[in-house]
J.: 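Take this structure first; my questions come after.
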Amino acid sequence: MNVVIYILITGIEYWLAIIGHSQALRADALNNLSGVISTGVLIIGLREATNIDDDDIIGKHLPVQGVRSQNTLQLSRFRLETIFTLLTSFIMVLISLQIIISGITGLFHLENNVTPNLLSAVGAFVATLMMLVVYFINLRFGKKLENASLLAASKDSLGDVVTSLGTMITVLVSFFLHLNWLDSTVSIAIGLFILWQGLQVFQECTLNLADYVDPQLEADMKKTVETVKHVHQVMDLSSRYSGNLLIVDIFIMVNPNASIWEIYNVNEKIENRLHQKFNTYDVTITVIPDPTELKKKQAKKGPSI
């Protein structure tokens with residue numbers, strides 16, 4: 001649905017930008033084109049990431065049965081979503097540079113610039129309304145499906161709404177006040193906005209692939225685990241993202257005299273709390289006997305002969 005609406009917006013805006021002589025509207029059309037590309041690439045990435053029936057991945061055969069569990073293999077496939085999104089960031093940067101260069105060129109040739117007409121304002125107005133539809137669709141389904149990608153897309157769509165609205169105001173001001181420099185200036189601003197978005201996406205994907213997780217988030221997860229009854233100490237907690245899925249590995253210390261059933265219940269409580277509070281997808285828990293409890297037990301028995 002995102003792709004279809006974005007394509008319609010891009011086509012309408014680009015056509016009206018040509019006949020309406022507006023660089024700002026053209027820049028906004030290219031901004032929406034980056035939305036088409038990013039959404040399309042995301043769909044491909046998600047399809048590849050979730051296609052567990054395929055026997056190869058990006059042209060390479062998967063490991064034979066028995067080398068890795070299906071769950072571990074599936075988790076690694078979700079990184080494809082991040083890789084494809086990283087490719088999108090490069091496309092966004094290239095589009096933004098083209099817009100910025102075009103806008104700067106226009107400022108140096110103001111004598112050749114034609115003031116935008118009202119058709120450009122109509123195009124920006126239509127784009128604003130359609131982007132509002134996209135925003136509400138992404139927000140509604142993002143909350144319904146608890147999907148981080150759609151919620152992030154809704155924020156991006158809201159930014160596009162503001163951009164299209166700003167373009168409409170720019171065109172109207174340029175038309176009524178005959179400010180032929182304003183159109184080029186706003187197109188540069190839109191280009192810088194796309195560049196900033198592209199760099200943000202690049203940073204997020206790079207950190208994701210480098211297994212970086214916010215240290216404060218990990219500290220909060222550690223505190224949450226420490227509140228679980230029968231957990232003596234959290235020796236280590238590490239986490240990483242596979243696509244948008246948060247994976248956590250924990251080493252905890254428990255009473256060595258605890259039964260298997262008690263340890264099992266502790267593990268279940270930890271997994272449930274982390275999932276409810278931090279939306280973790282997979283938690284691996286390694287249990288280690290508390291050496292202080294062993295020493296206490298030995299002290300009670302007395303010295304060995």
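Residue numbers run from 1 in the order of the sequence given.
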J.: Between Tyr241 and Thr82, is any pair of side-chain heavy atoms under 4.5 Å apart?
T.: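 They are not in side-chain contact.
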J.: Can you find a pair of side-chain heavy atoms, one from Ile247 and one from Thr280, that are under 4.5 Å apart?
T.: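 They are not in contact (no side-chain heavy atoms under 4.5 Å apart), so the answer is no.
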J.: Does some side-chain heavy atom of Asn31 sit less than 4.5 Å from a side-chain heavy atom of Asp28?
T.: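 In contact.
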J.: Which heavy atom of Met131 sits nearest to which heavy atom of Ser164, and what is that distance?
T.: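 Distance-wise, the nearest heavy atoms are CG-OG, 4.3 Å.
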J.: Answer yes if Val213 and Ile250 sit in the same cluster of Ile, Leu, Val, Met, Phe, Trp and Tyr residues linked by side chain heavy atoms under 4.5 Å apart, and no otherwise.
T.: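 Looking at the clustering, Ile250 is in the same group as Val213.
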J.: I need the single residue from Ile95, Val93, Leu94 that forms a side chain to side chain contact (heavy atoms under 4.5 Å, CB included) with Leu195. Which is it?
T.: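 Answer to the side chain to side chain contact (heavy atoms under 4.5 Å, CB included) test with Leu195 among Ile95, Val93, Leu94: Val93.
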J.: Return the CD to CD1 distance between Glu268 and Ile285, rounded to the nearest 0.5 Å.
T.: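 Separation between the atoms: 8.5 Å.
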J.: So, the side chain of Ser242 versus the backbone of Leu245: is there a donor-acceptor pair under 3.5 Å, distance only?
T.: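 A pair under 3.5 Å: no.
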J.: Using the benzene-type ring in the case of Trp, are the ring centres of Phe202 and Phe90 under 6.0 Å apart?
T.: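 Between Phe202 and Phe90, the centre distance is under 6.0 Å.
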J.: Minimum heavy-atom separation for Thr224 and Lys277, please, with both atom names.
T.: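 That closest heavy-atom pairing would be OG1-NZ, 3.5 Å.
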J.: For the side chain of Glu218 and the backbone of Leu237, is there at least one donor-acceptor N/O pair under 3.5 Å apart?
T.: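 Absent.
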J.: Do Val134 and Met1 share a hydrophobic cluster, counting only Ile, Leu, Val, Met, Phe, Trp and Tyr and linking them when any side-chain heavy atoms are less than 4.5 Å apart?
T.: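 In one cluster with Val134: Met1, yes.
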J.: Kindly compute the distance separating CG (Leu25) from CD1 (Ile190), expressed to the nearest 0.5 Å.
T.: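 Nearest 0.5 Å value for the CG-CD1 distance: 8.5 Å.
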J.: Rounded at 0.5 Å granularity, tell me how far CG in Asp236 sits from CE in Met253.
T.: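 Here the interatomic distance stands at 11.5 Å.
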J.: Is there a side-chain contact (heavy atoms from CB on, under 4.5 Å) between Ile188 and Thr185 once you walk through the steps?
T.: CA-CA 5 Å; Ile188 294 172; Thr185 304; 5.6 Å; no
J.: Taking the side chain as C-beta and beyond, is there a heavy-atom pair between Leu217 and Phe278 under 4.5 Å?
T.: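 Yes. Closest side-chain heavy atoms under 4.5 Å.
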J.: So, applying salt bridge (charged side-chain N to carboxylate O under 4.0 Å, His left out) with Arg240, which one of Asp211, Asp214, Asp249 is it?
T.: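 So the option named by the test is Asp249.
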J.: Cluster question for you: counting only ILVMFWY and a side-chain heavy-atom cut-off of under 4.5 Å, with indirect links fine, are Leu33 and Val162 together?
T.: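 No.
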J.: Just verifying a value: how many Å separate Met92 CE and Phe193 CZ, rounded to the nearest 0.5 Å?
T.: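 Those atoms lie 8.0 Å apart.
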J.: If every non-hydrogen atom of Ile99 is compared with every non-hydrogen atom of Ser187, which pair is closest and at what distance?
T.: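 Heavy atoms of Ile99 and Ser187 come nearest at CG2-O, 3.2 Å.
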J.: Can a donor-acceptor pair be found, under 3.5 Å and without considering hydrogens, that links the side chain of Ser89 to the backbone of Leu86?
T.: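 Yes, the answer is positive, given that a donor and an acceptor are paired below the 3.5 Å cut-off.
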J.: Just checking Leu177: does its CG atom have more than 12 heavy atoms from other residues, nucleotides or ligands closer to it than 6.0 angstrom?
T.: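 Above 12, so yes.
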J.: Give, for atom OG of Ser120 and atom CG of Leu172, the distance between the pair rounded to the nearest 0.5 Å.
T.: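 Atom-to-atom, Ser120:OG and Leu172:CG are 10.0 Å apart.
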J.: Same cluster or not: are Phe251 and Val283 linked, directly or through other Ile, Leu, Val, Met, Phe, Trp or Tyr residues, by side-chain heavy atoms under 4.5 angstrom apart?
T.: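 No, it is not one cluster - the side chains of Phe251 and Val283 are not joined through contacts under 4.5 Å.
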J.: When you look at OH of Tyr212, are more than 12 heavy atoms from neighbouring residues, nucleotides or ligands closer to it than 6.0 Å?
T.: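 Yes, the 6.0 Å shell around OH holds more than 12 heavy atoms from other groups.
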J.: Is Ile19 linked to Ile12 within one hydrophobic cluster, defined over Ile, Leu, Val, Met, Phe, Trp and Tyr using a side-chain heavy-atom separation of less than 4.5 Å?
T.: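 Yes, it is one cluster - the side chains of Ile19 and Ile12 are joined through contacts under 4.5 Å.
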J.: As an exercise, state the distance from CG of Leu246 to NE2 of His275, rounded to the nearest 0.5 Å.
T.: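 That separation rounds to 11.5 Å.
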J.: Please lay out, stage by stage, how Ile194 and Thr163 fare under the test side-chain contact (heavy atoms from CB on, under 4.5 Å).
T.: CA-CA 10 Å; Ile194 300 170; Thr163 305; over 6 Å; no
J.: Determine whether a donor-acceptor pair (N or O, by modelled atom type, separation under 3.5 Å) exists between the side chain of Gln276 and the backbone of Arg273.
T.: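 It does not hold such a pair.
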J.: Before you tell me yes or no, could you show the steps for Leu192 and Trp196 under side-chain contact (heavy atoms from CB on, under 4.5 Å), namely the whole-Å CA-CA distance, both residues' side-chain angles and the distance that decides it to 0.1 Å?
T.: CA-CA 6 Å; Leu192 291 172; Trp196 177 78; over 6 Å; no
J.: Side-chain contact, heavy-atom cut-off 4.5 Å: Ile252 with Asn267?
T.: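 Answer yes - side chains close enough.
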J.: Identify the heavy atoms of Gln23 and Gly103 that sit nearest to each other, and give their distance.
T.: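 Shortest heavy-atom separation between Gln23 and Gly103 comes out as OE1-CA, 3.6 Å.
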J.: I'd like to know if the side chain of Ser102 and the backbone of Gln98 have a donor-acceptor N/O pair within less than 3.5 Å.
T.: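 No; judged by distance alone, with no hydrogens or angles, the pair does not exist.
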J.: Return the minimal non-hydrogen interatomic distance between Asn32 and Glu13, and the atom names on each side.
T.: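 Residues Asn32 and Glu13, closest heavy atoms: ND2-OE1, 2.7 Å.
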J.: Is the shortest side-chain heavy-atom distance between Val231 and Val228 below 4.5 Å?
T.: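 The answer is yes; the side chains approach within 4.5 Å.
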J.: Please examine the side chains of Met130 and Leu8, heavy atoms only from C-beta on, and report whether any two atoms are closer than 4.5 Å.
T.: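 Yes, their side chains come closer than 4.5 Å.
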J.: Cut-off 3.5 Å, side chains only: do Gln216 and Asp220 have a donor facing an acceptor?
T.: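 Checked: Gln216/Asp220 side chains pair up, N/O donor to acceptor below 3.5 Å.
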J.: If you look at every heavy atom in Asn255 and Asn257, which pair is closest and at what distance?
T.: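 Distance-wise, the nearest heavy atoms are OD1-N, 2.9 Å.
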